[in-house]
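These notes are about the structure you will find just below.
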Amino acid sequence: VQLQASGGGLVQAGGSLRLSCRASGRFLAINDMAWYRQIPGKQRDIVAIITVEGTSNVAAPVRGRFTISMDNAKHTMYLQMNSLKPEDTGVYYCNAAVRPDSWGRGTLVTVSS
């Protein structure tokens with residue numbers, strides 16, 4: 001599968017970004033999906049999950065600030081990130097929540113203080 005995350009950039013603390021994820025074929029439609037974040041030197045961690053049924057959940061550090069959603073018509077998954085903090089900085093990837101496939105190019109989010 002080809003996964004492509006986009007929408008990252010440089011933003012000041014308190015700002016917002018919306019990340020998008022597109023995948024080839026029906027990958028988004030048939031898998032529970034997740035947004036992952038990787039900080040240099042650390043493992044890739046799940047930030048938010050959305051199931052095929054549409055149930056979503058976000059990790060505690062971003063709860064109330066990040067929202068994951070899926071637009072099935074556009075075959076696109078989103079991560080709306082509000083009230084960004086410097087500790088949100090990292091490379092964001094999208095992939096299956098369970099048994100991730102090959103990793104595409106992530107998108108870099110940099111939050112300045």
Side-chain angles (χ1 to χ4, degrees):
V1 64
Q2 292 182 329
L3 290 158
Q4 184 174 2
S6 61
L10 173 63
V11 63
Q12 289 187 331
S16 298
L17 286 172
R18 188 177 78 158
L19 306 185
S20 299
C21 171
R22 301 207 68 175
S24 56
R26 299 186 68 246
F27 192 80
L28 294 183
I30 63 175
N31 287 286
D32 294 342
M33 293 295 297
W35 282 100
Y36 297 77
R37 177 172 65 206
Q38 187 167 31
I39 300 170
K42 295 190 176 182
Q43 69 179 19
R44 199 173 281 144
D45 292 326
I46 288 180
V47 173
I49 292 175
I50 187 165
T51 69
V52 171
E53 293 80 15
T55 302
S56 63
N57 198 6
V58 297
V62 304
R63 194 159 294 150
R65 301 188 296 119
F66 289 14
T67 304
I68 186 172
S69 62
M70 184 76 73
D71 187 331
N72 291 312
K74 294 183 178 180
H75 307 292
T76 304
M77 180 174 69
Y78 301 100
L79 185 67
Q80 179 66 44
M81 306 188 295
N82 299 328
S83 302
L84 282 161
K85 303 177 180 180
E87 52 263 43
D88 296 322
T89 293
V91 180
Y92 286 72
Y93 300 85
C94 56
N95 211 322
V98 180
R99 292 186 294 276
D101 207 285
S102 56
W103 295 95
R105 180 180 298 179
T107 186
L108 176 63
V109 172
T110 304
V111 185
S112 62
S113 57

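Along the sequence shown, residues carry numbers from 1.
When atom types are taken as modelled, the side chain of Thr110 and the backbone of Leu10 share no donor-acceptor pair closer than 3.5 angstrom. Here the side chain of Asp32 pairs a donor or acceptor atom with the backbone of Val52 at under 3.5 angstrom. Side chain of Thr76 to backbone of Lys74: a donor-acceptor contact under 3.5 angstrom is found. Using modelled atom types, no side-chain atom of Asn31 and backbone atom of Met33 make a donor-acceptor pair closer than 3.5 Å. Within the 3.5 Å criterion, the main-chain N or O of Val111 finds a donor-acceptor partner in the side chain of Thr89.
By the neighbour-count criterion of 12 heavy atoms within 6.0 Å, atom CZ of Arg63 is densely surrounded, having more than that number from other residues, nucleotides or ligands. Open room surrounds CD on Gln2; 12 or fewer heavy atoms of other groups in view lie less than 6.0 Å from it. No more than 12 heavy atoms of other residues, nucleotides or ligands shown are found within 6.0 angstrom of CD on Gln4.
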**Verdict with reasoning, Phe66 to Val47, per side chain to side chain contact (heavy atoms under 4.5 Å, CB included)** = CA-CA 9 Å; Phe66 289 14; Val47 173; 3.6 Å; yes
**Asked** Is there a side chain to side chain contact (heavy atoms under 4.5 Å, CB included) between Asp88 and Arg65 once you walk through the steps?
**Response** CA-CA 11 Å; Asp88 296 322; Arg65 301 188 296 119; 2.7 Å; yes
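Remark: Arg44 is not positioned above the aromatic ring of Tyr36, lacking an NZ or CZ atom under 6.0 angstrom from the ring centre and at most 45 degrees off the axis.
For the atom pair Thr67 OG1 and Asn82 CG, the distance stands at 6.5 Å (nearest 0.5 Å). A distance of 10.0 Å separates CZ in Arg105 from OH in Tyr93, rounded to the nearest 0.5 Å. Note: Ile68 CD1 to Cys21 SG = 9.0 Å, rounded to the nearest 0.5 Å.
Taking all atoms of both residues into account, the shortest heavy-atom contact from Gly7 to Thr107 is N-OG1, 3.7 Å.
Taking the six-membered ring for Trp, Trp35 and Tyr92 have ring centres at least 6.0 Å apart.
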